[in-house]
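Treat the numbers as computed from the prediction; the structure is a model and nothing was measured. The residues of the chain are indexed from 1 along the displayed sequence.
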Amino acid sequence: MAIIVYISRESITDWAALLAGYALAASFLLAAQWAAQRFPGNRPVSLARFAAPLLVLPFVYSAAARTVLILHGHYVDDTVIAWETSLFGGSSNVLAGAVGGRLLTELLTFCYFSFYGCFLIPFLLYARGRRALGERYLFAAMLTLLTCYLGFIAVPLAGPVAAAPELFAAHRPYGYVITPLQSQIMATFDPPGTCFPSPHVAGAWITLLCLRRHLSRVSRIVLWVLTLGLTAAVVYDWYHYVSDVVAGLAVALAVHAVAERLSVRRARPRIPVQA
């Protein structure tokens, strides 16, 4: 992402600040790694090293959001809307919202809201002494989200609400408590251009794929329900297009395959070469 910013610096007014931010983030990660090696028995240092990727994630997300237009120069929602309209015979968001009411909206939005709990999972695993699993999950989650951030730049989409405000006003889903809360969160913290692939869908599915074998039966069922509900909610609540959902799921599946392959290679015993 820093390379993209540097190459496109003539079209970015704050490119120097962005590069400085990337440099500081990288320096923090390296410093956390050095401190963990220098003080191996220090629990606060160990926790800081473990959490370092999550701590730099907000900056990386905001930096990606500020550079979504550097390749195309404009949003490409019209192309996606035209393609989905020809495929479904209308707006996928309108069609999804036609089957529900306030209660369904609230339940689906709750599933969407539950995604924020994914950022607590690594710390819960760490606290329960399952650091190895926490690190594997954190690696897969970070790789998933960073891939999505690159996708924002490759396919900049303003999102259904910004692209079709009149249509949204006519078909806007209403809930009770969680729905307006989530709408406020989206309006405050979700900038335009952060749609493709859907990081919520990708993050939820990589969580399910990484942890499903390590959970109790009840926890596994709950995770499946929340993940499926979130996948439907992103279109139902007008946060994403169907294309974003498919791309997010594809990213999660691809990253999981890579992470599993790397995990197997790391776990394979090394056989010393005979002299």
Side-chain angles (χ1 to χ4, degrees), residues 1-6 14-68 114-153 185 189-191 194 197-211 214-215 248 251-252 254-267:
M1 293 172 68
I3 291 173
I4 293 174
V5 168
Y6 180 77
D14 59 342
W15 65 270
L18 287 173
L19 290 182
Y22 284 125
L24 287 174
S27 298
F28 171 71
L29 293 172
L30 292 173
Q33 174 68 15
W34 173 85
Q37 294 176 341
R38 180 68 175 79
F39 307 101
N42 189 299
R43 288 185 62 83
V45 170
S46 177
L47 179 59
R49 159 65 183 84
F50 178 80
L54 281 174
L55 296 178
V56 303
L57 194 63
F59 163 74
V60 180
Y61 174 76
S62 64
R66 285 152 62 186
T67 55
V68 294
S114 70
F115 171 77
Y116 303 122
C118 292
F119 296 103
L120 299 177
I121 291 176
F123 298 104
L124 293 176
L125 294 173
Y126 184 93
R128 297 182 64 179
R130 308 188 71 180
R131 176 168 178 168
L133 176 60
E135 288 185 340
R136 290 199 300 272
Y137 168 64
L138 194 55
F139 168 77
M142 292 301 99
L143 183 57
T144 297
L145 293 176
L146 291 174
T147 301
C148 289
Y149 298 169
L150 288 174
F152 299 164
I153 298 173
I185 292 174
F189 298 105
D190 194 57
T194 57
S198 167
H200 279 74
V201 171
W205 278 96
I206 198 63
T207 300
L208 175 65
L209 293 170
C210 287
L211 301 182
H214 305 277
L215 300 174
V251 169
V255 169
H256 181 254
V258 171
E260 286 288 291
R261 188 176 184 86
L262 290 176
S263 179
V264 169
R265 290 184 61 183
R266 289 188 63 182

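With contacts defined as side-chain heavy-atom distances shorter than 4.5 Å, the pair L211/L133 qualifies. A 4.5 Å side-chain heavy-atom check between F152 and Y61 finds at least one atom pair inside the cut-off. Counting only heavy atoms from C-beta outward, the side chains of Y149 and L57 approach each other to under 4.5 Å. The shortest side-chain heavy-atom distance between V60 and L145 does not fall under the 4.5 Å cut-off.
Counting only distance, with no hydrogens or angles, the side chain of T194 and the backbone of D190 share no donor-acceptor pair below 3.5 Å. In terms of modelled atom types and a separation under 3.5 Å, the side chain of T147 and the main chain of L143 share a donor-acceptor contact.
In this structure, L54 and P58 approach most closely via the heavy-atom pair O-CD, 3.3 Å.
Here the CD1 atom belonging to I121 is positioned 4.0 Å from the OH atom belonging to Y137, to the nearest 0.5 angstrom. Going from atom CG of N42 over to atom CZ of R49 covers 14.5 Å, rounded to the nearest 0.5 Å. Distance check, rounded to the nearest 0.5 Å: CE of M142 to CD of E135 gives 13.0 Å. Note that CD1 of I153 is 4.5 Å distant from CD1 of I4, once rounded to the nearest 0.5 Å. Summarising the geometry, atom SG belonging to C210 is positioned 7.0 Å from atom CD belonging to E260; distances are rounded to the nearest 0.5 Å. A distance of 11.0 Å separates CZ of F50 from CG of L55, quoted to the nearest 0.5 Å.
A ring-centre distance under 6.0 Å is not found for Y126 and F123.
Remark: Y116 engages Q182 in a side chain to side chain donor-acceptor pair (under 3.5 Å) (not counting sequence neighbours). Contacts of F59 classified as ring pair (Phe, Tyr, Trp, His ring centres under 6.0 Å), with partners at least two apart in sequence or in another chain: Y22.
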